[in-house]
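First the structure, in the form of structure tokens, and then the observations on it.
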Amino acid sequence: QVQLVESGGGLVQAGGSLRLSCAASGRTFGIYNIGWFRQAPGKEREFVAAITWSDAGTYYADSVKGRFTISRNYAKNTVYLQMNSLKPEDTAVYYCAADRTPRTVVAVLRYEYGYWGQGTQVTVSS
């Protein structure tokens with residue numbers, strides 16, 4: 001099993017920045033990808049960014065490319081999501097997720113992730 005705990009959410013004005021953290025524990029040795037997803041009220045959960053655990057390859061949704069940066073601290077089993085130039089449409093609950101299935105490409109679909117954190121609220125005011 002893998003346990004994930006997100007932190008760092010909050011209220012910020014448009015144009016501001018936040019950094020989310022996702023701390024992983026448990027059977028972290030088998031993690032292949034860590035992803036960030038978000039879910040706004042009334043909308044489906046959508047992919048935001050992902051990082052491969054071994055070589056830190058990254059992949060982003062078009063809506064956040066150039067504004068968000070995903071990174072990982074291997075020693076601390078922690079993944080970060082640096083969010084800059086935030087917009088009101090970025091308002092959502094942000095979830096991190098872990099994928100322990102061996103893959104040749106980064107996982108970007110919800111069903112590819114078997115472990116999820118509890119989520120952290122990000123609210124961007126206009």
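Just so it is clear, the model here is predicted, and its values are computed rather than measured.
Proximity of M83 to L20: side-chain heavy atoms (C-beta onward) are separated by under 4.5 Å at one or more points. At least one side-chain heavy atom of Y115 sits under 4.5 Å from a side-chain heavy atom of Q1. Two residues are said to be in side-chain contact when any heavy atoms from C-beta on lie closer than 4.5 Å; Q3 and T28 fail this criterion. Considering only heavy atoms from C-beta on, L81 comes within 4.5 Å of V48 through its side chain. Counting only heavy atoms from C-beta outward, the side chains of R38 and K43 never approach each other to under 4.5 Å. In this structure, the side chains of T58 and Y60 come closer than 4.5 Å at one or more pairs of heavy atoms. For the pair S71 and Q82, the minimum side-chain heavy-atom distance is 4.5 Å or more.
Judged purely by atom type and a 3.5 angstrom limit, R100 has no side-chain atom pairing as donor or acceptor with the backbone of N33. The backbone N or O of K76 sits less than 3.5 Å from a side-chain atom of T78, completing a donor-acceptor pair. Between the T120 side chain and the E6 main chain, no donor and acceptor come within less than 3.5 Å of each other.
Connection of W116 to V108 is established within a shared hydrophobic cluster, with ILVMFWY side chains joined at heavy-atom distances below 4.5 Å, either directly or through further cluster members. Hydrophobic clustering (side-chain heavy atoms under 4.5 Å, transitive across Ile, Leu, Val, Met, Phe, Trp, Tyr) groups Y111 together with Y59. Residues I34 and Y113 are members of separate hydrophobic clusters, defined by side-chain heavy-atom contacts under 4.5 angstrom among Ile, Leu, Val, Met, Phe, Trp and Tyr. Residues I70 and L18 fall within the same hydrophobic cluster, defined by Ile, Leu, Val, Met, Phe, Trp and Tyr side chains chained together at heavy-atom separations under 4.5 Å. When hydrophobic clusters are built by joining Ile, Leu, Val, Met, Phe, Trp and Tyr residues whose side-chain heavy atoms come closer than 4.5 Å, directly or via intermediates, Y32 is not grouped with F47.
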Original post:
Where do L86 and Q13 land on the side chain to side chain contact (heavy atoms under 4.5 Å, CB included) test, with the steps shown first?
Top reply: CA-CA 8 Å; L86 283 162; Q13 289 188 334; over 6 Å; no
Subject >> side-chain hydrogen bond (donor to acceptor under 3.5 Å, both in side chains) assessment of T91 paired with E89 >> reply: CA-CA 5 Å; T91 295; E89 51 264 43; over 6 Å; no
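Residues A92 and A40 share a closest heavy-atom pair of CB-N, 3.8 Å. Closest heavy-atom contact between S17 and S85: OG-N, 4.4 Å. The minimum heavy-atom distance linking Q118 with L4 is given by the pair OE1-O, 3.7 Å. Residues A98 and V2 approach most closely at CB-CG1, 4.2 Å, considering heavy atoms. Nearest approach of A107 to D99, heavy atoms of both residues: CB-OD2, 3.7 Å.
One finds the NZ atom of K87 at 14.0 Å from the OG atom of S126 (value rounded to the nearest 0.5 Å). Between I51 atom CD1 and C22 atom SG the span is 11.0 Å, to the nearest 0.5 Å.
Residues W36 and F68 place their aromatic rings such that the two centres sit no closer than 6.0 Å.
Figure legend: R19 and Y80 shown as a cation-pi pair, the cationic atom lying under 6.0 angstrom from the six-membered ring centre and within 45 degrees of its axis. A cation-pi arrangement is not found for R110 relative to F37, the charged atom failing to lie both closer than 6.0 Å to the ring centre and inside a 45° cone about the ring normal.
Within a 6.0 Å sphere centred on CZ of R103, other residues, nucleotides and ligands contribute more than 12 heavy atoms.
The existence of a salt bridge linking K65 and D62 is confirmed by a sub-4.0 Å separation between a basic side-chain nitrogen and an acidic carboxylate oxygen.
Ring-plane geometry between Y74 and W53 is classed as tilted, the angle between the planes lying from 30 to 60 degrees on a 0 to 90 degree scale.
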